[in-house]
There are 2 protein chains.
Amino acid sequence: MSSATQQLQHLLEHAGLRVTQPRLRLLEFFARSSGHFTPEEIWDRLRASGHPISIATLYQNLKTFSEHGLIGEMIGQNGEVRYDTNLEPHAHLVCLRCGRLADITLELPDLRPRGQAQGWLVAQTRVDLQGLCPECQEADLPAP
Amino acid sequence: MSSATQQLQHLLEHAGLRVTQPRLRLLEFFARSSGHFTPEEIWDRLRASGHPISIATLYQNLKTFSEHGLIGEMIGQNGEVRYDTNLEPHAHLVCLRCGRLADITLELPDLRPRGQAQGWLVAQTRVDLQGLCPECQEADLPAP
DNA sequence: TTACGTGCAAACGTTTTGCACAAAC
DNA sequence: GTTTGTGCAAAACGTTTGCACGTAA
């Protein structure tokens, strides 16, 4: 067993989860991928890589992993659920033309609302920027 | 016919849409409501008010209306689609305990990303703040 | 050996579609 | 009279669940 796989094992053990083949494969996927993936995308890629797992097991483990803080869960631009290895708080930059999604770290000013909504206790902020990525600006097509 | 209904008629005509009963009833709903509604909530309320419309017609018209800019479409905290009469750009304040959702107008600083994601052309920003509304802080329950 | 995880198939809730009919223009 | 919208029922979609079996601890 590779040492990379051993690390993933420790991750599962540390979370109090049993070490199983489907879980190791799913964690491996996240370890070697970077991005924000829908369950379907993950399922397709696991299948394509020769390590298919059952769709039920996939959904169950995505939920389990995100509940244990091993991966992040986010709601995409169109309401799709996506999973992510980036556990740091970060904002997203979505290209309106090609859909490319980049993580960015914004230094946010104090966003505590004044005026209309005083008295709220703000715990988290979710910021998504939409626009055109450099490549799509380059392509210089009419705006979508 | 009431003058309020005439106004709604003009709205439809101006958008190049035919004036029909279901459409007028749907627009009436939005005219007298304030908030962010799921299709199901809208359907329930129309039915309860004695003016039911078909679920297919509802979905078709919600899409049509939002494409024509008559109502706003947003993705809720859990990925649900919601419709809204507030067409102004605004941010949301979501209570993590009771789910209450308030619109707020933030004076956003320049959020153009630097560093990791230079070169993007930012067209829109979506900001959602999560926290506790004043009432839920008052209730002083353990945090969710 | 016992609790937990897997994976199939079925069920689920939401949204979309095909289509015959009705209404608006 | 032509085009557009309605509404039913059926299909499609993504996700969850029940359950018998397998496997980790």
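So that the names make sense, note that chain A is the first sequence line, chain B the second, and so on, each numbered from 1. Since the model is a prediction, treat every value here as computed from it, not as a measurement. Every heavy atom of this structure was used, including side-chain atoms; hydrogens, water molecules and symmetry mates were not.
- Between A/I42 atom CD1 and D/dG14 atom C1' there is a gap of 14 Å when expressed in whole angstrom units.
- When the nucleotides C/dG5, C/dG7, C/dC25 are ranked by their closest atom to the side chain of A/L17, C/dG5 comes out on top.
- Note: CH2 (A/W43) to C1' (D/dG14) measures 13 Å, nearest angstrom.
- The nearest whole Å value for the distance from the CG atom in A/L24 to the C1' atom in D/dA24 is 12 Å.
- Atom pair B/I55:CD1 and C/dT14:C1' shows a separation of 9 Å (rounding to whole Å applied).
- Counting heavy atoms from C-beta outward, A/L27 and A/F65 have side chains that approach closer than 4.5 Å.
- Checked by atom type, the side-chain pair B/N86/B/H36 shows no donor-acceptor distance below 3.5 Å.
- In this structure, the OH atom of B/Y83 is 12 Å from the C1' atom of C/dT14, given to the nearest Å.
- When the side-chain nitrogen and oxygen atoms of A/T57 are compared with OP1 and OP2 of C/dG7, one or more of them lie within a distance under 4.0 Å.
- Between A/T20 and B/R18, the residue whose closest nucleotide on DNA chain C is further toward the 5' end is A/T20.
- Counting to the nearest Å, the C1' atom of C/dG5 and the CG atom of A/L26 are 13 Å from each other.
- Remark: the backbone N or O of B/L46 is paired with a side-chain donor or acceptor of B/S49 at under 3.5 angstrom.
- Residue order along DNA chain C, read from the 5' end via each residue's closest nucleotide, puts B/E80 first among B/E80 and B/Q21.
- Remark: A/Q60, A/N61 in residues 59-79 of chain A come within less than 4.0 Å of DNA chain C through at least one heavy atom.
- Linking Ile, Leu, Val, Met, Phe, Trp and Tyr residues whenever their side-chain heavy atoms come within less than 4.5 Å leaves A/W43 and A/M74 in two separate clusters.
- In this structure, B/L46 atom CG and D/dG7 atom C1' are separated by 15 Å, rounded to whole Å.
- Salt bridge absent: B/R18 and B/E13 never bring a charged side-chain N and a carboxylate O closer than 4.0 Å.
- Ionic pairing of B/R97 and B/E135 is not present here: no N-O contact between side-chain nitrogen and carboxylate oxygen is shorter than 4.0 angstrom.
- Look at NE2 on B/H51: it is 15 Å from P on D/dT6, rounded to the nearest Å.
- Ranking C/dT14, C/dG7, D/dC8 by closeness to the B/E40 side chain, first place goes to C/dT14.
- Considering only heavy atoms from C-beta on, B/F37 stays 4.5 Å or farther from B/E80 through its side chain.
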